[in-house]
Amino acid sequence: MTQIRSVVLGCGSYLPEQVVTNAQLAARIDTSDEWIVQRTGIRERHIAAEGEFTSHLAIKAAQAALADAGVDAQSIELIVLATSTPDNTFPATAVAVQHALGINHGAAFDLQAVCSGFVFALATADNFLRTGAYKRALVIGAETFSRILDWNDRGTCVLFGDGAGAVVLEAQEQPGMAATDRGVVTTHLRSDGRHKAKLFVDGGPSSTQTVGHLRMEGREVFKHAVGMITDVIVDAFQATGLNADSIDWFVPHQANKRIIDASAHKLHIAPEKVVLTVDRHGNTSAASIPLALAVARKDGRIKRGDMVLLEAMGGGFTWGSALVRW
């Protein structure tokens, strides 16, 4: 029995030009390259320039994805942009991307699930495509987290960076076999608001009328991360009959190398299958997975037909997984 799947036609990314190394941060705050690398695996991150907004990053990533897919922007009917750092309270940053691409049809909206945003956005677009509501979609993760950091808080400001990544999805008829179909095979999303205080921004239009700064209980986040991440991946395996041996590439949210390593170990995923970019990008929240996908696609690791496992966890807490055959 055939089934409509959301097939990835192309992916692209954009990183701001400014690179900030651990040594540069150590010159400003009480930290060191050794301390940061040992605890997180991060060596450097990109920071948006003055006047460079989330929309600017998203537009460039979207253009790169469209070029990689070889499709015209006018064929895009849906844009779902995952971000926690929009240009404005409203309108959605997605409509700025839509306008810049010269699109004035279809729908464009933002989605907020913090670091899980790209997985949530992918699942959302996939559901729209599978119902037949739209044929082609742009799914974007874009962040300027540097704008919500307290640069005097050494426990958080060393962790994050700015960037954007995007994929083009197209609804295509597939044979209906989870083990061999191309496209998004399954997605699993979760959230639990009891954990809000462990990772949040202490501001907002309704509460303080300010943007606020990111606040995090690092040990608590780490403690929950591995269990939550593996939980939704096990769900994906159970839903499809696949397992760790079926995975060609594991592309996790790039937050912390120790969390990534522990998750891969618990799931019995070989280290050589794990795509790591956290050392170069830091934690770019909703942008981290599509940025990593673009790196692994460009260097030739991810090829057509490969089974790719995505996962993320973010503030809220939110967490989710997706299995995608390229």
Inset, instruction - Locate the shortest heavy-atom distance separating A64 from S13; write the atom from each residue and the value. - result: CB-N, 3.9 Å
Legend entry - I29 side chain near V158 side chain, heavy-atom distance below 4.5 Å: yes
Inset, instruction - Tell me whether the guanidinium CZ or amine NZ of R45 lies under 6.0 angstrom from the six-membered ring centre of F160 and within 45° of its axis. - result: no
Legend entry - Single-linkage hydrophobic cluster L111~Y134, side-chain heavy atoms < 4.5 angstrom: yes
Legend entry - N152 versus R28, side-chain donor and acceptor atoms under 3.5 Å: no
Legend entry - S288 and H253: side chain donor to acceptor below 3.5 Å: yes
Legend entry - Residues which pass ring pair (Phe, Tyr, Trp, His ring centres under 6.0 Å) with F200, listed by chain and number, not counting sequence neighbours: none
Legend entry - Contact summary for F222 and R258, nearest pair of heavy atoms: CE1-CB, 3.8 Å
Inset, instruction - Kindly determine whether V80 and F128 satisfy side-chain contact (heavy atoms from CB on, under 4.5 Å), including the steps that lead there. - result: CA-CA 11 Å; V80 185; F128 274 113; 5.5 Å; no
Inset, instruction - Decide whether D110 and T83 meet the rule of one side-chain donor and one side-chain acceptor closer than 3.5 Å. - result: no
Inset, instruction - Can you see which heavy atom on A287 is nearest to which on G165, and at what distance? - result: CB-N, 4.4 Å
Inset, instruction - Would you please say whether a donor-acceptor pair under 3.5 Å links the side chains of D153 and T156? - result: yes
Inset, instruction - Indicate whether the side chain of T144 and that of T54 have a donor and an acceptor atom separated by less than 3.5 Å. - result: yes
Inset, instruction - Would you check if there is a donor-acceptor pair between the side chains of W249 and D306 at a distance under 3.5 Å? - result: yes
Legend entry - Closest heavy-atom pair and its distance - A82, A286: O-CB, 3.6 Å
Legend entry - Heavy-atom check, side chain of V278 versus side chain of N283, under 4.5 Å: no
Inset, instruction - Mark yes or no for whether R154, through its side chain, and T31, through its backbone, hold a donor-acceptor pair below 3.5 Å. - result: no
Inset, instruction - Look at the side-chain heavy atoms of Ile, Leu, Val, Met, Phe, Trp and Tyr, link any pair under 4.5 Å apart, and say whether V139 and V7 land in one connected group. - result: no
Inset, instruction - Step by step, work out the salt bridge (charged side-chain N to carboxylate O under 4.0 Å, His left out) result for K303 and D248. - result: CA-CA 10 Å; K303 302 177 293 296; D248 294 298; over 6 Å; no
Inset, instruction - Let me see the working for F53 and T93 under side-chain contact (heavy atoms from CB on, under 4.5 Å), right down to the final yes or no. - result: CA-CA 10 Å; F53 304 156; T93 302; over 6 Å; no
Inset, instruction - Nearest 0.5 Å please: distance from the CD1 atom of I47 over to the CD atom of E17. - result: 14.0 Å
Legend entry - Distance-minimising heavy-atom pair for A61 and A166: O-CB, 3.8 Å
Inset, instruction - Compare all side-chain heavy atoms of V8 with those of V324 and state whether any distance is below 4.5 angstrom. - result: yes
Legend entry - Ion pair check, D68 and K298, cut-off under 4.0 Å: no
Legend entry - Backbone N/O of S84 and side chain of E143: donor-acceptor pair under 3.5 Å: yes
Inset, instruction - Flag the pair D279 / K257 as yes when at least one side-chain heavy-atom distance between them is below 4.5 Å, and no otherwise. - result: no
Legend entry - R5 side-chain N/O to V185 backbone N/O, donor-acceptor pair under 3.5 Å: yes
Inset, instruction - Side-chain contact test, heavy atoms from C-beta onward, threshold under 4.5 Å: evaluate it for M307 versus L323 and give yes or no. - result: yes
Legend entry - Closest heavy-atom pair and its distance - E311, P252: OE2-CB, 2.7 Å
Legend entry - Side chains of V221 and F317 in contact at under 4.5 Å (non-hydrogen atoms): yes
Legend entry - E272 atom CD: more than 12 heavy-atom contacts under 6.0 Å: yes
Legend entry - Heavy-atom donor-acceptor pair, R39 side chain to E34 backbone, under 3.5 Å: no
Legend entry - Point-to-point distance, once rounded to the nearest 0.5 Å, from OG of S285 to CG of L214: 9.0 Å
Inset, instruction - Could you list who else is in V71's hydrophobic cluster, with ILVMFWY side chains joined at under 4.5 Å, directly or through other members? - result: L9, I59, L66, I76, I79, L81, V97, L101, I103, L138, I140, V168
Legend entry - Q209 CD: over 12 foreign heavy atoms closer than 6.0 Å: yes
Legend entry - Verify same cluster id: V211, M216 (apolar side-chain graph, 4.5 Å): yes
Inset, instruction - Fit a plane to each ring of H46 and H281, take the angle between them on a 0 to 90° scale, and name the class: parallel (under 30°), tilted (30 to 60°) or perpendicular (over 60°). - result: perpendicular
Inset, instruction - Treating Ile, Leu, Val, Met, Phe, Trp and Tyr as nodes and any side-chain heavy-atom pair under 4.5 angstrom as an edge, say whether L276 and V119 lie in one connected cluster. - result: no
Legend entry - Sub-4.5 Å side-chain heavy-atom contact between D192 and T318: no
Inset, instruction - Taking W151 for its side chain and S146 for its backbone only, find out whether a donor-acceptor pair lies under 3.5 Å. - result: yes
Inset, instruction - Please lay out, stage by stage, how D87 and S55 fare under the test side-chain hydrogen bond (donor to acceptor under 3.5 Å, both in side chains). - result: CA-CA 7 Å; D87 290 5; S55 61; 2.4 Å; yes
Legend entry - Lys/Arg-Asp/Glu bridge criterion (N-O < 4.0 Å) met for D202, R215: yes
Inset, instruction - Evaluate side-chain contact (heavy atoms from CB on, under 4.5 Å) for I4 paired with L129, printing each intermediate quantity in order. - result: CA-CA 8 Å; I4 298 297; L129 295 184; 5.6 Å; no
Legend entry - Single-linkage hydrophobic cluster, 4.5 Å side-chain cutoff, V274 and I259 together: yes
Inset, instruction - Using modelled atom types only, decide if a donor and an acceptor are shared between the side chain of Q112 and the backbone of V114 within a distance under 3.5 Å. - result: yes
Inset, instruction - Would you check if the side chain of N243 reaches a backbone N or O of S246 as a donor-acceptor pair within less than 3.5 Å? - result: yes
Inset, instruction - Could you tell me whether the side chains of E44 and T21 share a donor-acceptor contact shorter than 3.5 Å? - result: no
Legend entry - Side-chain donor or acceptor of D235 paired with backbone N/O of H188 under 3.5 Å: no
Inset, instruction - Would you check if the side chain of T2 reaches a backbone N or O of G176 as a donor-acceptor pair within less than 3.5 Å? - result: no
Inset, instruction - Taking the side chain as every heavy atom from C-beta outward, state whether C115 and W319 have any pair of such atoms under 4.5 Å apart. - result: no
Inset, instruction - Not counting sequence neighbours, list each pair that qualifies as a salt bridge (Lys or Arg N to Asp or Glu O under 4.0 Å) and has a residue in residues 119-140. - result: D126-R130, R136-E170
Legend entry - CA sep, side-chain torsions, deciding dist, call: H195, H224, side-chain contact (heavy atoms from CB on, under 4.5 Å): CA-CA 10 Å; H195 303 287; H224 285 84; 3.3 Å; yes
Inset, instruction - Report yes or no: does D162 contribute a side-chain atom to a donor-acceptor pair with the main-chain N or O of A48 at less than 3.5 Å? - result: yes
